[in-house]
Amino acid sequence: MANVGEVVERLRAALQDLRPDELKTSAELLREEVLVVLTAAAAESNHPELQEAVEPLTGVPDELEAAAALYEQARSGTERYIQQHSGTGGGGALPAAAAAPSATPSSGSCGMPRSEASTTPPAATKPSSTKASPSKSKPASFGWTTSTNYRKTFFDAHPDTEGKVVVHHAVEQQVLRIFPGVVQTEEVHSLENLRGIPKGLINNRVHLSAIRIAWNDFYKPFRKSGTRPTKQQLLDFATMIDDQYGTSFNPNIR
Amino acid sequence: MGYYIVQPEVAGDFGDNTVLDFSVEPAVVTRLEYRFSDWLGDAILECTPCFIVTEALASAITDAGLTGVEFDELEVSLSPEGEELIEEPLPRWKWLRFTGKAHQEDLGVDEDFMLVASERALAVLREHGLNNARVTEVTP
């Protein structure tokens with residue numbers, strides 16, 4: 001019977017240095033080979049420690065596949081924006097580094113389950129932040145507010161921006177409607193979820209368009225499968241958007 | 001006949017009067033309110049899984065005899081962002097409803113919610129404004 005610690009170390013080694021395009025292959029390997037053996041061994045062993053160790057691993061293949069889908073959607077949105085605006089002279093083409101995010105999961109984040117109730121196994125893929133140093137990249141988050149007047153919420157906090165920016169939701173308002181129950185109204189309209197987009201520059205309107213396209217692409221696999229993203233998946237995607245466009249926001253968040 | 005994947009501009013999101021039927025998978029939209037946040041000028045827009053077209057484009061699609069679609073009414077509104085960013089009055093819009101199969105009709109939606117257009121449908125779309133869409137030829 002395999003030692004539980006040895007099994008964990010082997011799995012940890014297998015998950016290290018994964019490329020996003022290998023996530024699906026790894027998911028299949030785990031599901032069809034490793035977990036089959038582990039589950040059978042745990043069932044036959046009557047060893048509680050082994051059984052307890054195997055149980056949380058059964059969701060990992062689904063989480064890896066969800067992470068791969070999330071990466072592909074993010075990359076697709078980014079590539080669309082670059083193709084549309086390459087060579088247009090100031091149309092806001094993304095830096096090369098941001099166009100090809102490595103999306104390498106940091107330690108502990110690959111397949112890390114979250115406690116959100118969801119029909120989709122949670123997979124908190126930490127997006128790459130190729131433009132800002134880790135110490136400056138604040139992940140997207142939700143706060144809590146009882147006010148739905150989000151513009152007032154934003155301008156009360158940033159009075160110097162009033163008249164100069166349009167207020168934009170990092171995680172879109174429509175998730176309340178299309179994925180009910182994942183996030184609360186009080187979270188969506190909280191200050192932490194609001195961004196100021198400077199007015200008057202066509203570049204910023206183009207950025208907003210690219211952001212809407214990216215979110216639209218993000219939603220598609222969930223709609224197709226009839227599942228819902230977790231709150232953490234929404235926040236991770238918002239963080240990626242912040243990483244790519246946050247230097248254009250007012251206040252600047254990157 | 002050649003086909004193209006068309007990924008249109010996304011000019012907004014679902015307004016509060018949009019109704020989704022979650023009793024089926026994937027959920028279907030039974031009533032559409034398209035809430036504009038901005039508009040860069042294209043004649044066909046998306047908010048997955050829905051597509052809308054200007055009335056002028058709808059007429060052109062009908063006049064050209066393009067297959068695979070019919071049109072429905074929708075509600076159009078502006079978000080606070082849209083009120084600030086959109087200076088010109090919006091044209092009138094129609095909700096594009098698909099009646100056939102992608103890669104067989106002139107217009108269709110595939111299983112990934114991608115708009116699939118025939119070559120002649122793409123030409124009609126381009127005549128009315130497709131500057132902000134990504135168009136990819138489908139390789140057989």
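Residue numbers start from 1 in every chain, and the chains themselves are labelled A, B, ... in the order their sequence lines are given, proteins ahead of strands.
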Pair A:Lys220, B:Glu46 - check salt bridge (charged side-chain N to carboxylate O under 4.0 Å, His left out), show working. CA-CA 12 Å; A:Lys220 284 184 178 178; B:Glu46 179 181 4; 3.0 Å; yes

Just say parallel, tilted or perpendicular for the rings of B:Phe36 and B:Tyr34, cut-offs at 30° and 60°. tilted

Does B:Leu90 reach the side chain of B:Leu78, with side-chain heavy atoms less than 4.5 Å apart? yes

So which residues of residues 62-75 of chain B are in contact with chain A at a heavy-atom cut-off of under 4.5 Å? none

If I measure from the heavy atoms of chain A, does B:Leu20 come under 4.5 Å with its side chain, its backbone, both, or neither? side chain

Any heavy-atom pair between the side chains of A:Val182 and A:Thr230 that's under 4.5 Å? no

So which of B:Val29, B:Val19, B:Thr136, B:Asp38 has the biggest tally of heavy-atom pairs under 4.5 Å with chain A? B:Asp38

Enumerate by number any residue of residues 144-153 of chain A whose heavy atoms lie under 4.5 Å from heavy atoms of chain B; in the absence of such residues, state 'none'. A:Tyr150, A:Arg151

Could you check if a side-chain atom of A:Phe179 sits within less than 4.5 angstrom of a side-chain atom of A:Gln174, using non-hydrogen atoms only? no

Under a 4.0 Å threshold between the charged nitrogen and the carboxylate oxygen, would A:Arg177 count as salt-bridged to B:Asp13? no

Can we say B:Asp112 and A:Lys224 salt-bridge, meaning some charged N sits less than 4.0 Å from an Asp/Glu carboxylate O? yes

Please classify the contact of A:Leu176 with chain B as side chain, backbone, both or neither, using a heavy-atom distance under 4.5 Å. neither

B:Lys101 and B:Asp110: salt bridge (charged side-chain N to carboxylate O under 4.0 Å, His left out), yes or no, with the steps? CA-CA 8 Å; B:Lys101 292 188 175 181; B:Asp110 68 12; over 6 Å; no

Does the gap between the ring centers of B:Phe113 and A:Tyr219 come in under 6.0 Å? no

In terms of heavy-atom pairs under 4.5 Å with chain A, the winner among B:Val24, B:Leu40, B:Leu85 is B:Leu85

Counting heavy-atom pairs closer than 4.5 Å to chain A, which one of B:Ala27, B:Pro80, B:Ser79 comes out on top? B:Pro80

Interface moiety of B:Thr18 toward chain A, non-hydrogen atoms closer than 4.5 Å: both

Working note: A:Ile197 + A:Val165, criterion side-chain contact (heavy atoms from CB on, under 4.5 Å); need CA distance, chi angles, decisive distance, verdict. CA-CA 5 Å; A:Ile197 312 296; A:Val165 304; 5.6 Å; no

Is there a side-chain contact between B:Val109 and B:Val116, using heavy atoms and a 4.5 Å cut-off? no

Counting C-beta onward and ignoring hydrogens, is there a side-chain heavy-atom pair between B:Cys50 and B:Phe14 closer than 4.5 Å? yes

